[in-house]
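Below you'll find the structure, written out as structure tokens, and then a few comments.
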Amino acid sequence: MNKIIEPLVNVDLETGKLSGKEVIEVLKKLNDLKNVFGAEEVRAGMDQEQVIYEVQAHLPIAEGTLAGLFYGTTIIYPGKVGDEYFMTKGHFHAQSDRAEYYWGIEGEGMLLLMDKDRNTWAEKMYKGSLHYIPADVAHRTVNTGDSRFILGACWPSDAGHNYEEIMQNGFSARLVEKEGNPVLVSEQEVGL
Ligand code: M6P
Ligand code: ZN
């Protein structure tokens with residue numbers, strides 16, 4: 001009855017790496033990111049096997065289950081497509097009113113956020129930064145540094161991912177490098 005057990009999963013607090021049971025891993029290669037970057041023709045001409053980011057997640061219950069939580073680590077490798085930094089696809093939640101926490105673990109990046117009215121803003125991310133993503137706000141993470149950028153995430157198990165909206169209309173701004181610095185450029189400025 002009363003017993004002391006070992007945890008099923010471990011997280012390396014330096015790197016965010018998860019190990020143990022019920023951990024899934026997903027690799028996103030350049031080939032999986034068609035039409036995600038502004039310069040699609042540049043992306044299409046690059047090595048399609050190059051891994052842009054990896055996600056590890058601990059999913060202890062079925063996706064869609066009400067009132068549970070999921071935990072994940074994302075590693076985004078450094079690089080750019082044209083002048084736009086490597087980044088995740090980004091999503092609204094399928095249950096769009098579900099919130100999420102992100103935090104920085106290693107490297108430098110930005111959290112790109114966009115509300116339903118297509119207002120986009122960015123928050124700097126670094127080791128120890130904490131970010132609350134409110135309901136109805138799309139989110140994407142961007143590696144603005146020259147080494148890997150790692151972040152943690154925790155989100156409701158019934159949130160789901162709505163990629164369609166972003167695949168069709170994108171975010172209303174992109175993070176590009178100008179004179180060595182990250183700049184948030186709106187769609188009007190670059191004609192997205
Ligand atoms: C975080 C979480 C995950 C998400 C991952 C990659 O770890 O928000 O739910 O899958 O980032 O982001 P995306 O799904 O937009 O590629
Ligand atoms: Zn999310």
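Both ligands and their constituent atoms are indexed starting at 1 by order of listing. Just so it is clear, the model here is predicted, and its values are computed rather than measured.
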For this session: For the residue pair Arg140 and Phe171, establish whether any side-chain heavy-atom pair is separated by less than 4.5 Å.
Result: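 The answer is yes, as the side chains (C-beta and beyond) meet within the 4.5 Å cut-off.
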Dump the pairs for me: ligand 1 N or O, protein N or O, distance under 3.5 Å, to 0.1 Å.
| unit_1 | atom_1 | unit_2 | atom_2 | d |
| --- | --- | --- | --- | --- |
| ligand 1 | 7 (O) | Thr74 | OG1 | 2.9 |
| ligand 1 | 8 (O) | Glu100 | OE2 | 2.7 |
| ligand 1 | 8 (O) | Tyr102 | OH | 2.8 |
| ligand 1 | 9 (O) | His161 | NE2 | 2.7 |
| ligand 1 | 10 (O) | His161 | NE2 | 3.3 |
| ligand 1 | 11 (O) | Thr74 | OG1 | 3.3 |
| ligand 1 | 14 (O) | Tyr163 | OH | 2.5 |
| ligand 1 | 15 (O) | Gly90 | N | 2.9 |
| ligand 1 | 15 (O) | His91 | ND1 | 2.9 |
| ligand 1 | 16 (O) | Tyr53 | OH | 2.5 |

For this session: State, without any angle test, whether Thr141 and His139 hold a side-chain donor-acceptor pair at a distance under 3.5 Å.
Result: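 Result is no, nothing qualifies.
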Exercise. Rounded to 10 degrees, what angle sits at the Zn ion (ligand 2) between His139 NE2 and Glu100 OE1?
Worked result: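 Reported to 10°, the angle equals 90°.
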Exercise. If you round to the nearest 0.5 Å, how far is OG1 of Thr74 from CZ of Arg148?
Worked result: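 Rounded to the nearest 0.5 Å, the CZ-OG1 separation comes out at 13.0 Å.
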For this session: Verify, without hydrogens or angle tests, whether Ser157 (side chain) and Thr65 (backbone) share a donor-acceptor contact under 3.5 angstrom.
Result: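 Pair found, side chain donor or acceptor close to backbone of Thr65.
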Exercise. How are the rings of Tyr163 and His161 set relative to one another: parallel (under 30°), tilted (30 to 60°) or perpendicular (over 60°)?
Worked result: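 Rings of Tyr163 and His161: parallel, under 30°.
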Problem set entry | Salt bridge present between Arg118 and Glu187 (N-O < 4.0 angstrom) |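 So Arg118 pairs with Glu187 through a salt bridge.
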For this session: Go through the steps to decide whether Tyr132 and Trp155 satisfy the test ring-ring contact (aromatic ring centres under 6.0 Å, His included), and finish with yes or no.
Result: CA-CA 10 Å; Tyr132 180 73; Trp155 66 101; over 10 Å; no
For this session: Please confirm if an N, O or S atom belonging to His91, backbone or side chain, lies less than 2.8 Å from the Zn ion (ligand 2).
Result: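 A backbone or side-chain N, O or S atom of His91 is under 2.8 Å from the Zn ion (ligand 2).
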